[in-house]
S.K.: 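One structure, as structure tokens, below. Some questions next.
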Amino acid sequence: MTASNRIVLSSDHAAIPLRQAIAAHVAAQGWAVVDIGPTTPESTPYPKHGEAAARLVASGDCRLGIILCGTGQGIMMAANKVKGIRCGVCAETFSARMIRQHNDANMLSIGARVVGEGLALDIVDAFLSAGFEGGRHATRVEMIGALEG
Ligand code: RB5
């Protein structure tokens, strides 16, 4: 298993079934899934799960990450505090494709209380099948990195 096909998945308690469905979906596509939980339904704070997944991406251990909470918003905010992470919340496929093509997003966040499983899997597919276009977008992504200090 190399970092090039490793993808980390994480969530809080609000998104366990959807996270597990996504894990099975991407594993069937050949991704090496690093599912860091949680697996039990007790309430658990989304920042720690967002941070844990983000650190695996930022370190290069995993190429991409998919994180989920009820809205996708809180866990995205936490992940984006980790240097090198560019994570967007998506509730439709256009944005999921564009955050890869234009923003070189390395993490995707989904709200399990916002989208159903069918749409969520389409969002994941749009994200994973798109590639960064570089060029003028690279300059802009570098500007985001410069904000990290
Ligand atoms: C948990 O109830 C909920 O606040 C969380 O899953 C998420 O929606 C936060 O952004």
Side-chain angles (χ1 to χ4, degrees), residues 3 5-132 137 140-149:
N5 74 335
R6 279 163 65 87
I7 185 166
V8 59
L9 268 64
S10 187
S11 73
D12 72 359
H13 56 282
I16 293 171
L18 182 56
R19 192 194 77 236
Q20 292 171 335
I22 292 171
H25 183 73
V26 299
Q29 296 175 356
W31 287 88
V33 175
V34 180
D35 188 342
I36 60 172
T39 55
T40 55
E42 298 82 33
S43 182
T44 181
Y46 58 81
K48 77 172 188 181
H49 300 290
E51 180 194 358
R55 296 220 178 274
L56 288 177
V57 175
S59 70
D61 186 66
C62 292
R63 182 172 150 214
L64 296 170
I66 299 175
I67 52 178
L68 307 95
C69 63
T71 59
Q73 301 291 350
I75 200 164
M76 173 276 290
M77 292 177 195
N80 275 323
K81 294 295 184 187
V82 174
K83 188 170 183 174
I85 294 304
R86 291 176 300 281
C87 181
V89 181
C90 294
E92 31 72 31
T93 57
F94 178 79
S95 296
R97 188 166 66 250
M98 295 304 287
I99 63 171
R100 290 287 299 128
Q101 292 180 347
H102 285 194
N103 313 121
D104 198 19
N106 47 18
M107 296 188 76
L108 166 69
S109 184
I110 297 175
R113 294 172 178 162
V114 180
V115 299
E117 182 178 316
L119 177 55
L121 297 182
D122 281 353
I123 290 168
V124 167
D125 287 345
F127 178 75
L128 295 180
S129 61
F132 183 46
H137 303 298
R140 295 163 183 172
V141 170
E142 285 166 14
M143 292 171 71
I144 295 174
L147 293 170
E148 293 174 330

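Predicted model only: the values in this text are computed from it and were never measured. Both counts, for ligands and for their atoms, begin at 1 and track the order of listing.
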S.K.: Hey, does the side chain of R97 reach the backbone of F127 with a donor-acceptor pair shorter than 3.5 angstrom?
M.R.: no

S.K.: Please write down residue, atom name and distance for the protein heavy atom closest to atom 3 (C) of ligand 1.
M.R.: R113 NH1, 3.9 Å

S.K.: Identify the closest protein heavy atom to atom 4 (O) of ligand 1: which residue and atom is it, and at what distance?
M.R.: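 Result: Y46 CE2, 4.3 Å.
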
S.K.: To the nearest 0.1 Å, how far is atom 8 (O) of ligand 1 from its closest protein heavy atom, and which atom is that?
M.R.: T71 N, 3.0 Å

S.K.: Among all protein heavy atoms, pick the one closest to atom 5 (C) of ligand 1 and tell me residue, atom and distance.
M.R.: D12 OD2, 3.2 Å

S.K.: N103 side chain to A105 main-chain N or O, any donor-acceptor pair under 3.5 Å?
M.R.: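 No.
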
S.K.: Taking only heavy atoms of G70 into account, list the atoms of ligand 1 that are under 4.0 Å away from them.
M.R.: 5 (C), 6 (O), 7 (C), 8 (O)

S.K.: Please check if the side chain of T44 supplies one atom and the backbone of H13 the other of a donor-acceptor pair under 3.5 Å.
M.R.: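 A pair under 3.5 Å: no.
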
S.K.: Can you name the one residue among V57, V33, D35 that meets side-chain contact (heavy atoms from CB on, under 4.5 Å) with V8?
M.R.: V57

S.K.: Please confirm whether M77 approaches ligand 1 to less than 4.0 Å, judged on its heavy atoms.
M.R.: no

S.K.: Consider every N or O of G74 and every N or O of ligand 1, then say whether any pair is closer than 3.5 Å.
M.R.: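 Min N/O separation from ligand 1 is below 3.5 Å for G74.
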
S.K.: Determine whether V89 and V114 make a side-chain contact, defined as any pair of heavy atoms from C-beta on separated by less than 4.5 Å.
M.R.: no

S.K.: So if I count the atoms of ligand 1 from 1 in the order they appear, which ones are less than 4.0 Å from some heavy atom of A14?
M.R.: 6 (O)

S.K.: The test is side-chain contact (heavy atoms from CB on, under 4.5 Å); show your working for H49 and I67 and say whether it passes.
M.R.: CA-CA 8 Å; H49 300 290; I67 52 178; over 6 Å; no

S.K.: Is C69 close to ligand 1, meaning an N/O of one under 3.5 Å from an N/O of the other?
M.R.: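 Not met; the criterion fails.
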
S.K.: With a 4.5 Å heavy-atom cut-off, do R140 and I144 have their side chains touching?
M.R.: no

